[in-house]
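These notes are about the structure you will find just below.
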Amino acid sequence: MDQQAGPGYSAEAAQQKLSPDAVAWAFRLLIGREPFSAEEVEAHRNLPDLATLRRAFSNTWEFYDFFDAAVEGVPAYGMPLFLMRPPADPAFPYRFEPPSLENPVGQMCTAAQFDDPVFAEIAEAMGMAPGRTRRSWEQAWIVSLLATHGMIAAGKQAIGFGVGRERIPSLLASRGVRVLASDLPHEAEDVQLPPGAQQMALFHPEILHLEDFEAMVGYRDIDMNHLPADLDGQFDFCWSASAVDRTGSLAAASAFLEESLRVLKPGGIAAHTFSLNITSDVATVDHPTLAALRRRDLEALAAQIQTQGHEMLPVNLHPGLEPQDAEVATNPAGPPRPKHRHGALVLTSFGLALRKAA
């Protein structure tokens, strides 16, 4: 192993790329297995040092299972008091009641919302299997929130960030909304996508006709950390689903949420979903591939945008009352649960809505 943590570990060594032996050692020691492939090793070699490598492994379900294999059953989630604490700053519009998709606000994913008739209605409209996954909840929450505020209507203009292969652009287009979908550009040399491929990945024929899709949905490569100035003030609303987590850091995530208001017309709505830390208001995940916002980050954002005349719509931090809301998924291959383990923390999907100054 080329690099070691301890007295002989230097700052100069930290600037070098980790060796394959160091990464394989971490796999064996921290999660009890060999790397599956050379690609998996290479992905971890890009971390800056062994300390970061250890932290990355300690925030995985494999680490938790490896060091707690004797525990049987599904771990339980106990709601911490900080979620229930009334805010000191009135800029943070706090609520605490079982959330619903019928009257959506800023809220977390809970089991009862999958049984809400609104969830089934949206899933059917999107041609989406009504599975009880956080991903399906995120898309349903975004659509319900936007519809509640009158955004899904003919003549509206929208932009989606980090869209991947989402169904939301096709649904919006079928309702007369003109959509600009965006995602990070494919920069890898071995990825050669034909023109229009990323746009067509968003087409779902069970939702609308191809001619209508092509007329209403455009595509553009956009880095969420560097929003182009020519987008400012162009759209009635914007959205993102789980893209905020991957902006690179907590600071970048908060900055994007604020910057997304730039692209909106006065009074426009921004709807974003992301991973929320519901275990601690202090310790969290701040990693290039996952940044888990805390309540304190939402409070700071509310105060910051208020100084510019914008507002955060009500934030409901109730974690749900159903038995599944007290269960925590520790293995991605297991039954879906609203809450999941990430190292010592419990995270869940959260939807946040912001309104630009009118």
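As the structure is a computational prediction, the values presented were derived from the model and not from experiment. The first residue in the sequence is number 1, and the count goes up from there.
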> Short question: side chain of Arg341, backbone of Val328 - any donor-acceptor pair under 3.5 Å?
Replying inline: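 Such a contact is absent between Arg341 side chain and Val328 backbone.
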
Are the side chains of [Y] and [X] in contact, using a 4.5 Å heavy-atom criterion?
{"X": "Glu311", "Y": "Pro93", "result": "no"}
{"X": "Leu301", "Y": "Glu258", "result": "yes"}
{"X": "Lys339", "Y": "Pro319", "result": "yes"}
{"X": "Asp221", "Y": "Leu184", "result": "no"}
{"X": "Leu290", "Y": "His342", "result": "yes"}
{"X": "Leu293", "Y": "Leu257", "result": "yes"}
{"X": "Leu313", "Y": "His149", "result": "yes"}

Ignoring hydrogens and angles, write down the donor-acceptor pairs under 3.5 Å from the side chains of residues 106-114, residues two or more places apart or on other chains.
| from | atom 1 | to | atom 2 | distance (Å) |
| --- | --- | --- | --- | --- |
| Gln107 | OE1 | Val105 | N | 2.9 |
| Gln107 | NE2 | Ser100 | O | 3.0 |
| Gln107 | NE2 | Gln113 | OE1 | 2.7 |
| Thr110 | OG1 | Gln113 | NE2 | 2.8 |
| Gln113 | OE1 | Trp137 | NE1 | 2.8 |
| Gln113 | NE2 | Met108 | O | 2.9 |

Restricting to side chain to side chain donor-acceptor pair (under 3.5 Å), what partner residues turn up for [X], sequence neighbours left out?
{"X": "Thr289", "value": "His287"}
{"X": "Asp236", "value": "none"}
{"X": "Trp141", "value": "none"}
{"X": "Gln157", "value": "none"}

>> For residues 244-271, which residue pairs pass the ring-ring contact (aromatic ring centres under 6.0 Å, His included) check, not counting sequence neighbours?
In response: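 Passing the test, one end in residues 244-271: Phe161-Phe256, Phe256-His272.
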
> So which pairs with a foot in residues 199-213 pass side-chain hydrogen bond (donor to acceptor under 3.5 Å, both in side chains), sequence neighbours left out?
Replying inline: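 For residues 199-213, and leaving out neighbouring residues, the side-chain hydrogen bond (donor to acceptor under 3.5 Å, both in side chains) pairs sorted by first residue read Arg167-Glu206.
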
> What side-chain hydrogen bond (donor to acceptor under 3.5 Å, both in side chains) pairs are there with at least one residue in residues 84-98, not counting sequence neighbours?
Replying inline: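 Qualifying pairs, neighbours excluded: none.
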
Could you tell me which residues satisfy salt bridge (Lys or Arg N to Asp or Glu O under 4.0 Å) with [X], sequence neighbours excluded, listed by chain and number?
{"X": "Arg262", "result": "Asp232, Glu259"}
{"X": "Asp115", "result": "Arg132"}
{"X": "Arg178", "result": "none"}
{"X": "Asp297", "result": "Arg294"}

> Atom CD1 of Ile159 and atom CZ of Phe237: how far apart are they, to the nearest 0.5 Å?
Replying inline: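 Taking CD1 in Ile159 and CZ in Phe237, the distance rounds to 11.0 Å.
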
>> Distance check, rounded to the nearest 0.5 Å: Ile269 atom CD1 versus Leu354 atom CG?
In response: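 Rounded to the nearest 0.5 Å, the CD1-CG separation comes to 8.5 Å.
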
>> Please determine whether the number of non-hydrogen atoms from other residues, nucleotides or ligands lying under 6.0 Å from atom CG of Leu81 exceeds 12.
In response: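 Counting neighbours around CG of Leu81, 12 or fewer heavy atoms of other residues, nucleotides or ligands fall under 6.0 Å, so no.
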
>> Distance alone, cut at 3.5 Å: any donor-acceptor contact between the side chains of Asn225 and Thr247?
In response: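 No pair is found: no donor N or O on one side chain lies under 3.5 Å from an acceptor on the other.
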
> Can you list the steps and then say if Trp239 with Glu166 is a side-chain hydrogen bond (donor to acceptor under 3.5 Å, both in side chains)?
Replying inline: CA-CA 11 Å; Trp239 85 89; Glu166 286 177 14; 2.9 Å; yes

> Using 4.0 Å as the upper bound for N to carboxylate O, is an ion pair formed by Glu138 and Arg134?
Replying inline: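 No, this pair does not count.
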
